[in-house]
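Side chains are part of it too, since the values below use all heavy atoms of this structure and drop only hydrogens, waters and symmetry mates. Note that this is a predicted model, so its numbers are computed, not measured.
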Amino acid sequence: MKRATLEKVPADVAAMFDQVSSKYDRTNFILTFGLIDVWRVATREAIAPGPGMSILDIAAGTGSSSVTYATAGADVVASDISEGMMEKGRLRHPELKFVQADATNLPFEDDSFDVTTISYGLRNVNDPDKALREMLRVTKPGGKLVVTEFSRPTFAPFRRAYRFFLADVLPTIAFAVSSDAEAYDYLVESILSWPRQEVFAKRIQEAGWSEVEYRNLSNGVVALHRATKPIER
């Protein structure tokens, strides 16, 4: 089994997700106690998809979120570095357009999308700041960025309980329900090493985005970040 490390070598990350693709969506639902669906709704509301809107969904996996944007009438491109994940997505959602892509080197022209979004994938990229600049490049002036990512709970007692869950409970559950439990050891490492909300918001701004803001979901277990591409004058 291929297990990615915090070096996040793209080929290793892709191979790891290829291995977990068959049970990925089911495992995520179980490990989050169904909250993944709540967070998906919040992300969709932040994007506000509609007819005629062009959306790039990076790290789209099997397209579980992408398909909800397409259902609202948007023109959606679902991209992922893992061919295995996209293969499952093409079978489940043949109406979606899937494109294999590394977030740090997107194969799209400048100013192509009204919204660029990534959920639970940016922390798997070996150079998140470069990826943020690439997202800026392919987004239209005045267009939006929406990033949903695991973050840091704001209430200290809950934060301690959450860290215990990540370190001691989640691996046991992952062993029982996942096709590759070692991949979820990496999941824990990548969550714990990810910057807290306000630090990541600053990095979005430093990448060139404006109107950067975030809101916590589930007491900060997840943070939903939004920003706008400046309109040049």
Side-chain angles (χ1 to χ4, degrees), residues 1 3-8 12-13 16-17 19-47 58-62 64-65 68 85 117-126 128-129 131-132 145-205 212-227:
M1 290 291 187
R3 182 194 185 282
T5 68
L6 290 182
E7 292 182 358
K8 303 172 187 178
D12 293 349
V13 172
M16 183 183 69
F17 280 99
Q19 290 162 186
V20 302
S21 59
S22 62
K23 296 182 180 179
Y24 182 78
D25 292 327
R26 173 177 172 268
T27 301
N28 281 352
F29 184 86
I30 293 172
L31 293 179
T32 64
F33 302 97
L35 285 172
I36 189 73
D37 287 347
V38 176
W39 302 333
R40 184 175 290 127
V41 169
T43 302
R44 184 181 183 277
E45 290 176 347
I47 293 171
I58 302 173
T62 61
S64 297
S65 294
T68 68
M85 294 287 280
T117 183
I118 181 169
S119 295
Y120 319 109
L122 195 55
R123 74 178 192 287
N124 299 319
V125 177
N126 62 353
D129 299 310
L132 287 168
L145 172 72
V146 178
V147 180
T148 306
E149 188 53 87
F150 286 104
S151 198
R152 183 173 301 184
T154 55
F155 183 52
F158 177 72
R159 184 164 60 244
R160 290 192 290 270
Y162 177 63
R163 290 179 69 92
F164 171 78
F165 169 78
L166 287 178
D168 296 290
V169 180
L170 186 146
T172 301
I173 300 175
F175 181 81
V177 302
S178 171
S179 54
D180 180 6
E182 286 190 4
Y184 289 87
D185 290 337
Y186 161 79
L187 169 74
V188 172
E189 294 171 3
S190 65
I191 291 174
L192 293 176
S193 65
W194 188 248
R196 62 185 184 273
Q197 294 89 318
E198 60 271 25
V199 174
F200 179 54
K202 184 177 180 182
R203 289 171 67 174
I204 295 175
Q205 186 172 24
V212 180
E213 60 181 9
Y214 71 87
R215 71 183 182 98
N216 291 313
L217 306 177
S218 302
N219 191 38
V221 170
V222 163
L224 195 159
H225 289 78
R226 291 180 289 183

State whether the side chain of Arg215 and the backbone N or O of Leu224 hold a donor-acceptor pair below 3.5 Å, judged by distance alone. no
Is it the case that the side chain of Gln197 and the backbone of Arg152 share a donor-acceptor pair, with hydrogens and angles ignored and the cut-off at 3.5 Å? yes
For [X] against [Y], the heavy-atom pair lying closest together:
X: Phe158; Y: Ser218; answer: CE2-O, 4.1 Å
X: Thr172; Y: Asp168; answer: OG1-O, 3.5 Å
X: Ser190; Y: Ser193; answer: O-OG, 3.2 Å
X: Ser151; Y: Pro195; answer: OG-O, 4.5 Å

Hey, is CZ on Arg203 packed in by over 12 heavy atoms from elsewhere, all under 6.0 Å? yes
Within a radius of less than 6.0 Å around CD of Glu198, do more than 12 heavy atoms belonging to other residues, nucleotides or ligands occur? yes
So, taking the atom named [atom1] in [X] and the one named [atom2] in [Y], what distance separates them when rounded to the nearest 0.5 Å?
X: Leu170; Y: Phe164; atom1: CG; atom2: CZ; result: 12.0 Å
X: Asn28; Y: Leu187; atom1: CG; atom2: CG; result: 8.0 Å
X: Ile58; Y: Thr117; atom1: CD1; atom2: OG1; result: 8.0 Å
X: Ile191; Y: Tyr162; atom1: CD1; atom2: OH; result: 4.5 Å
X: Ser65; Y: Ile36; atom1: OG; atom2: CD1; result: 7.0 Å
X: Lys8; Y: Asn124; atom1: NZ; atom2: CG; result: 6.5 Å

Heavy-atom side-chain proximity of [X] to [Y] below 4.5 angstrom:
X: Leu35; Y: Val221; value: no
X: Thr43; Y: Val146; value: yes
X: Val20; Y: Thr27; value: no
X: Leu132; Y: Leu122; value: yes
X: Val38; Y: Leu217; value: no
X: Pro128; Y: Trp194; value: yes
X: Met85; Y: Asp25; value: no
X: Tyr120; Y: Trp39; value: yes

If the plane angle is over 60° it's perpendicular, under 30° parallel, otherwise tilted; pick one for Phe200 and His225. perpendicular
Show your working on side-chain contact (heavy atoms from CB on, under 4.5 Å) between Thr5 and Asp12 and close with a plain yes or no. CA-CA 8 Å; Thr5 68; Asp12 293 349; 5.6 Å; no
